[in-house]
Amino acid sequence: MSPQRIALITGITGQDGSYLAELLLAQDYEVHGIVRRVAIEDPEHRLWRLRHLLPRIHLHAASLESFPSIFKVINTVQPDECYHLAAQSFVGYSFEDEFSTFQANINGTHHVLAALKECAPACRFYFAGSSEMFGKVASLPQDEQAPFHPRSAYGISKVAGFHLTQHYREAYGLQAWCGILYNHESPRRGLEFVTRKITFQAARIKLGLAHALPLGNLEARRDWGHAREYVEAMWRMLQQETPDDYVIATGETHTVREFAAAAFAHLDLDSRDYVTSDPAMVRPADVELLLGCAAKAERELGWRPRTMFRDLVVEMVEA
Ligand code: NDP
Ligand code: GDR
């Protein structure tokens with residue numbers, strides 16, 4: 001019998017971290033996660049996505065900003081696979097604080113890579129790249145060859161993380177994969193993101209608990225898929241022989257306005273009666289159009305999306 005595989009997830013408390021932990025436990029991995037100390041001190045609130053998994057996972061307090069703390073965890077856990085998901089992931093906030101976004105996302109990624117190189121060089125590594133790296137897109141749909149043109153400090157930080165990951169692969173032989181994942185959502189999505197904000201508020205309006213939904217840019221187009229399926233793509237990448245980069249997307253794009261219309265329609269409401277566009281909520285620079293081509297992932301990983309736009313909206317409204 002082969003020994004139990006050990007996985008380490010940074011960002012385990014987030015949307016993707018919680019689904020990935022479930023997937024790895026189901027495959028009999030020993031699952032470890034890195035969390036900020038505050039999460040351990042305030043488990044009720046900070047660990048809500050993991051509550052049902054807590055008896056089966058191992059949590060370690062560490063800070064992305066501190067190389068010694070990351071080094072210590074990696075050296076102790078000696079993972080076979082490391083999924084680096086922790087990041088300041090809210091694009092909107094990255095306009096308010098570019099500095100902390102770079103700190104967490106660029107230095108944090110560098111710390112994890114450097115620690116792996118030193119104390120677990122055989123470990124397989126996943127970097128959570130993003131369609132925000134394409135930003136102001138030059139081609140439609142975007143595949144792995146599309147040029148990067150980030151439009152936010154967040155996007156810039158992910159381009160830097162992508163290049164750091166490739167550098168550790170090429171210079172030090174680290175088995176490192178980059179996923180370029182398009183927006184993926186679920187009932188576990190944070191309330192600051194537009195899909196959860198819309199579905200949560202539409203449900204409150206239906207229940208008479210709210211009366212309006214101010215949003216920012218309604219014409220932005222996104223390629224939205226389901227988070228549970230996207231973490232499966234991460235895992236499939238790390239089961240490959242040779243490290244590579246993969247776009248993960250549905251190949252469908254919809255506006256924020258369409259998302260809102262579908263959510264309210266599911267509740268027999270007309271979104272035009274409630275949704276407004278507040279110029280103060282429009283980002284200084286937005287990504288207008290994202291549409292991914294995941295043909296390479298389908299060919300090489302056997303991955304394809306199952307949940308498409310309508311079903312995703314309905315699941316989130318129902319939740
Ligand atoms: P979430 O925002 O739900 O989770 C982010 C995680 O990172 C949380 O566990 C959070 O911890 C942790 N984190 C944030 N800042 C720090 C820090 N300074 N130190 C330690 N931990 C930190 O993101 P998702 O699950 O949606 O995304 C996972 C990854 O995938 C991110 O890197 C994101 O940028 C990337 N990505 C996401 C996409 C999506 O559509 N969801 C698409 C493409 C890429 P805490 O709970 O303590 O805040
Ligand atoms: P995004 O997700 O920036 O694509 O990043 P978000 O849901 O925040 O925005 C999507 C689009 O909706 C527009 N928008 C609004 N957005 C928010 N949050 N709130 C609003 O009120 C609102 N009104 C309109 C935005 O301008 C944008 O165009 C997500 C994150 O998960 C990243 O970490 C990830 O890398 C990318 O997806 C792919």
Side-chain angles (χ1 to χ4, degrees), residues 9-20 33-40 42 45-50 61-66 69-70 83-95 100-101 103-105 107-109 111-112 126-135 150-152 154-155 157-158 161 178-186 188-198 201 213-227 230-231 234 247-249 254-257 259-260 275-278 280-290 292:
I9 305 173
T10 75
I12 194 169
T13 59
Q15 170 187 253
D16 291 6
S18 65
Y19 282 118
L20 182 62
I34 289 181
V35 297
R36 310 194 227 200
R37 178 150 295 284
V38 282
I40 291 175
D42 177 15
H45 172 61
R46 313 276 306 205
L47 301 180
W48 67 273
R49 296 185 180 94
L50 292 176
S63 161
L64 269 191
E65 287 83 2
S66 154
S69 74
I70 297 289
Y83 297 85
H84 175 44
L85 309 183
Q88 192 302 92
S89 76
F90 185 36
V91 176
Y93 180 69
S94 78
F95 289 99
S100 70
T101 303
Q103 266 289 84
N105 297 8
N107 293 347
T109 301
H111 294 156
V112 175
Y126 174 82
F127 173 67
S130 162
S131 48
E132 288 291 301
M133 301 190 306
F134 298 132
R151 299 266 287 165
S152 62
Y154 171 84
S157 75
K158 287 292 178 179
C178 293
I180 306 177
L181 272 54
Y182 282 63
N183 297 57
H184 44 279
E185 318 292 318
S186 73
R188 296 187 197 169
R189 189 59 143 151
L191 276 171
E192 65 274 35
F193 299 95
V194 80
T195 56
R196 197 74 200 111
K197 182 174 171 184
I198 292 171
Q201 193 70 350
L213 175 54
L215 296 173
N217 179 6
L218 300 179
E219 306 312 327
R221 290 183 162 270
R222 288 291 182 278
D223 178 329
W224 278 296
H226 199 298
Y230 283 46
V231 302
M234 298 174 188
V247 161
I248 301 296
H254 296 272
T255 61
V256 170
R257 189 188 294 281
F259 195 104
V275 173
T276 51
S277 176
D278 177 352
M281 293 167 74
V282 175
R283 294 173 184 172
D286 204 359
V287 170
E288 292 298 334
L289 167 60
L290 288 172

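Each ligand, and each atom within it, is numbered from 1 in the order the structure gives. Small disclaimer: the values here were computed from a predicted structure and weren't measured. Index from 1, following the sequence.
- Shortest contact from atom 37 (C) of ligand 1 to any protein heavy atom: H184 CE1, 3.9 Å.
- Here the closest heavy-atom approach between residue M281 and residue P214 is recorded as CE-O, 3.4 Å.
- You'll find the side chain of Y83 stays beyond 4.5 Å of the side chain of V231, heavy atoms only.
- Under a 4.0 Å criterion applied to the non-hydrogen atoms of R46, ligand 1 contributes the atoms 45 (P), 47 (O), 48 (O).
- When non-hydrogen atoms are compared, ligand 1 lies under 4.0 Å from the side chain of R189 (C-beta onward) but not from its backbone.
- With hydrogens and angles left out, the side-chain atoms of S69 and S66 include a donor and acceptor closer than 3.5 Å.
- The Y182 neighbourhood of ligand 1 comprises atoms 40 (O), 42 (C), with distances under 4.0 Å to a heavy atom of that residue.
- The N/O atoms of S131, backbone and side chain alike, include none that comes under 3.5 Å of an N/O atom in ligand 1.
- For the 3.5 Å distance criterion, the side chains of S152 and R283 fail to qualify, holding no donor opposite an acceptor.
- Taking F259 as the reference, W224, F309 meet the ring-ring contact (aromatic ring centres under 6.0 Å, His included) condition, with sequence neighbours excluded.
- Partners of T101 under the side-chain hydrogen bond (donor to acceptor under 3.5 Å, both in side chains) rule, at least two apart in sequence or in another chain, are Q88.
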Below 3.5 Å only, please: the N or O atoms of ligand 2 paired with protein N or O atoms, distance on each line.
from	atom 1	to	atom 2	distance (Å)
ligand 2	3 (O)	R283	NH1	2.7
ligand 2	4 (O)	N183	ND2	2.8
ligand 2	4 (O)	R222	NE	2.8
ligand 2	7 (O)	V194	N	2.8
ligand 2	8 (O)	R283	NH2	2.9
ligand 2	18 (N)	E192	O	2.9
ligand 2	21 (O)	K197	NZ	2.7
ligand 2	23 (N)	G216	N	2.7
ligand 2	26 (O)	D286	OD2	2.7
ligand 2	28 (O)	R222	NH2	3.0
ligand 2	28 (O)	D286	OD1	3.1
ligand 2	28 (O)	D286	OD2	2.8
ligand 2	31 (O)	R189	NH1	3.1
ligand 2	31 (O)	R189	NH2	2.9
ligand 2	33 (O)	S89	O	2.7
ligand 2	33 (O)	Y154	OH	2.9
ligand 2	35 (O)	S130	OG	2.6
ligand 2	35 (O)	Y154	OH	2.6
ligand 2	37 (O)	N183	ND2	3.0

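- The shortest non-hydrogen separation linking D286 to N217 is OD2-ND2, 3.1 Å.
- When only interatomic distances are considered, the shortest N/O to N/O separation between E185 and ligand 1 does not fall below 3.5 Å.
- Against a heavy-atom cut-off of under 4.0 Å, E65 is close to the following atoms of ligand 1: 18 (N).
- By the 4.0 Å heavy-atom criterion, F90 is excluded from the residues contacting ligand 1.
- Neither the backbone nor the side chain of Q103 comes within 4.0 Å of ligand 1, counting heavy atoms alone.
- Residues Y19 and R49 form no side-chain contact, since every pair of their non-hydrogen atoms from C-beta on lies 4.5 Å or further apart.
- For R257, the salt bridge (Lys or Arg N to Asp or Glu O under 4.0 Å) partners two or more places apart in sequence, or in a different chain, are E219.
- Looking at atom 4 (O) of ligand 1, its nearest protein heavy atom turns out to be G14 CA, 3.3 Å.
- Scanning the protein heavy atoms around atom 13 (N) of ligand 1, the nearest turns out to be R36 NH2, 3.6 Å.
- One finds no salt bridge joining K197 and E185 here, because no Lys/Arg side-chain nitrogen approaches an Asp/Glu carboxylate oxygen to under 4.0 Å.
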